[in-house]
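Proteins come first, then strands; the chains are lettered A, B, ... in the order of their sequence lines, and each starts at number 1.
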Protein chains: 2
Amino acid sequence: MKSEANQVDQTSREKLMKSAEHLFAERGYDGVSVRDIANDAGVNSALVGYYFGGKEGLLAEVYTQRCGLLRDERAQLLAEYSAGGKTPSLEEVLDAFITPSLESARNGEGRRSLPHIRSILAAENSSLLEKLVAENFDESSKIFVKALGKCLPQLTHEDVLWRFHFLLGTIYYTATGPHRIKALSRGRCDPSDPAATKEELIPFLVAGFTAPSAAKGNKRRGRGRGNGTVKS
Amino acid sequence: MKSEANQVDQTSREKLMKSAEHLFAERGYDGVSVRDIANDAGVNSALVGYYFGGKEGLLAEVYTQRCGLLRDERAQLLAEYSAGGKTPSLEEVLDAFITPSLESARNGEGRRSLPHIRSILAAENSSLLEKLVAENFDESSKIFVKALGKCLPQLTHEDVLWRFHFLLGTIYYTATGPHRIKALSRGRCDPSDPAATKEELIPFLVAGFTAPSAAKGNKRRGRGRGNGTVKS
DNA sequence: CCCTTATTCGAACGAATGCATAAAATATAC
DNA sequence: GTATATTTTATGCATTCGTTCGAATAAGGG
């Protein structure tokens with residue numbers, strides 16, 4: 001036992017990052033002061049400047065680290081589904097992408113913090129965020145978009161991108177605003193339950209992704225209304 | 001000519017609300033000061049206290065007004081689709097719900113501000129937001145959930161709620177984080193174009209909503225994986 | 001032991017915040 | 001014209017913000 005980050009023996013730097021992640025996810029970037037974070041971590045607030053150069057640096061560090069974990073988990077799951085050179089099914093690709101997002105509770109106790117932080121920053125601090133996203137996520141996204149495209153050869157690249165965008169929306173909203181559906185359903189739909197969420201989300205997404213292409217370039221895409229009308 | 005809110009003849013109150021909507025949507029609640037808003041509106045900052053009782057009151061006023069407009073637009077579209085006692089199709093219900101969200105640019109020039117504001121508040125000021133949402137939206141949501149359920153009798157109520165939740169995610173994320181897909185597609189997918197977004201979103205959602213039920217109670221739900229695997 | 005380096009701490013800074021108040025300006029009524 | 005009510009402006013206040021600085025403490029090598 002080398003007492004790395006086992007339990008009690010955290011360095012001040014680690015304490016700060018942990019508290020920052022927690023508080024940023026809970027109250028947003030502008031909603032939390034450096035003093036709040038340092039207080040929650042039980043260290044002096046000047047350490048934020050010492051270790052991270054300032055509040056923004058602390059945020060960037062937290063975000064980058066979290067992104068790395070998430071990205072690795074996703075890549076590993078995708079690799080498992082691709083074992084033996086097999087091409088993963090659409091369901092499997094979606095599962096590999098979604099599962100780590102819903103269960104990002106493993107390391108420490110960080111509630112589903114990354115998507116939460118991410119969606120907060122999208123609004124509050126968009127300039128900094130865009131840089132962080134580009135640095136940490138674009139590459140990972142491209143891998144999954146490619147995997148999705150391989151499952152869906154009948155779609156244009158743009159179709160896949162659009163639907164990937166919608167997929168992101170469902171994930172982020174599930175992390176950000178779970179209260180509304182919980183209230184509407186009187187507690188019976190609980191987006192904070194990863195298993196239940198996945199059970200509902202995957203079939204929804206599979207069907208959405210396999211819908212006929214909507215690209216304009218697709219001259220003959222039969223539409224009219226497709227099967228839009230449901231027998232009622 | 002009563003010079004209500006025609007064009008140039010805005011009252012200071014209106015100017016404040018307009019600027020507040022704009023700035024809140026752009027930088028978040030904590031990210032904007034009362035002075036910023038008043039400055040942008042070209043009026044004195046004390047008017048915020050005079051007219052709205054403070055910053056929170058201003059936000060509540062903006063949010064409530066915007067919600068009312070959105071709710072009315074949605075209701076009107078749904079009524080149009082229900083003309084003559086006919087039951088609207090799934091596509092039509094979705095269209096009635098989505099279109100006003102994507103095009104909330106009409107009044108003034110407010111970019112798609114409401115979903116943006118909404119998603120910001122979800123993180124920043126959740127206590128105030130939850131009250132506002134409950135006051136302004138729950139009733140409207142129930143109407144659409146009911147309309148959706150009528151289109152999808154084979155689904156359980158919980159299924160419909162879950163999918164409605166996913167639908168909200170796609171809308172909010174489209175309003176909040178359009179940059180990522182725009183960058184990934186090198187500008188060819190533009191979520192700020194309502195028509196293009198709808199053309200992609202509606203087929204995706206129709207397919208997702210008509211997917212077989214995923215409810216656990218539904219013992220016999222037909223196929224194990226549906227058409228999840230695509231011919232490749 | 002001393003000396004160097006890395007950390008931690010308390011205090012303070014200027015700037016910006018939300019809010020309240022009083023005076024000035026304008027409109028309205030008589 | 002005068003008095004009253006409404007709207008706008010200007011200013012001040014107490015607080016909090018992120019950051020910086022110098023001193024105090026801990027750690028380690030010679």
Exercise. Parallel, tilted or perpendicular: which fits the ring planes of Phe166(A) and Phe204(B), with parallel below 30° and perpendicular above 60°?
Worked result: tilted

Distance, rounded to the nearest Å, where [X] contributes [atom1] and [N] contributes [atom2]:
X	N	atom1	atom2	result
Gln10(A)	dT8(C)	CD	P	13 Å
Asn39(B)	dA10(D)	CG	P	12 Å
Leu59(B)	dC19(C)	CG	P	12 Å
Ile37(B)	dT17(C)	CD1	C1'	12 Å
Leu47(A)	dG18(D)	CG	C1'	15 Å
Glu56(B)	dA20(C)	CD	C1'	17 Å
Asn44(B)	dA25(C)	CG	P	14 Å
Asp30(B)	dT16(D)	CG	P	15 Å

For this session: Flag the pair Phe164(B) / Phe97(B) as yes when their ring centroid distance falls below 6.0 Å, and as no otherwise.
Result: yes

For this session: Could you check whether Gly54(B) gets within reach of a base, just the sugar-phosphate, or nothing at all, counting any heavy atom under 4.0 Å?
Result: sugar-phosphate

Exercise. Looking across every strand, which nucleic acid part, if any, lies under 4.0 Å from Tyr51(A) by heavy atom: base, sugar-phosphate, or nothing?
Worked result: sugar-phosphate

Exercise. Between dT8(C) and Ser12(A), is there an OP1 or OP2 to side-chain N/O distance shorter than 4.0 Å?
Worked result: yes

For this session: Take Glu200(B) and Cys189(B) through the side chain to side chain contact (heavy atoms under 4.5 Å, CB included) test and state the conclusion after the steps.
Result: CA-CA 10 Å; Glu200(B) 289 282 344; Cys189(B) 300; over 6 Å; no

Produce the list of close N/O pairs, under 3.5 Å, pairing protein atoms with atoms of nucleotides 23-27 of chain D; give distances to one decimal.
none

For this session: Work out which heavy atom in Asp40(A) is nearest to a heavy atom in Ser19(A); give both atom names and the distance.
Result: OD2-OG, 2.5 Å

Problem set entry | Residue among Thr170(B), Ile171(B), Leu168(B) satisfying side-chain contact (heavy atoms from CB on, under 4.5 Å) with Tyr173(A) | Leu168(B)

Exercise. Does Asp36(B) pair with Arg27(B) as a salt bridge, N-O distance under 4.0 Å?
Worked result: yes

Problem set entry | Pair Arg13(B) + Glu61(B), salt bridge at N-O below 4.0 Å | yes

Seminar exercise, completed: Walking DNA chain C from its 5' end, the first of Tyr50(A) and Arg35(A) to be reached, judged by nearest nucleotide, is Tyr50(A)

Exercise. Ser33(B) has a side chain; which of dT7(D), dT17(C), dG18(D) sits nearest to it?
Worked result: dT17(C)

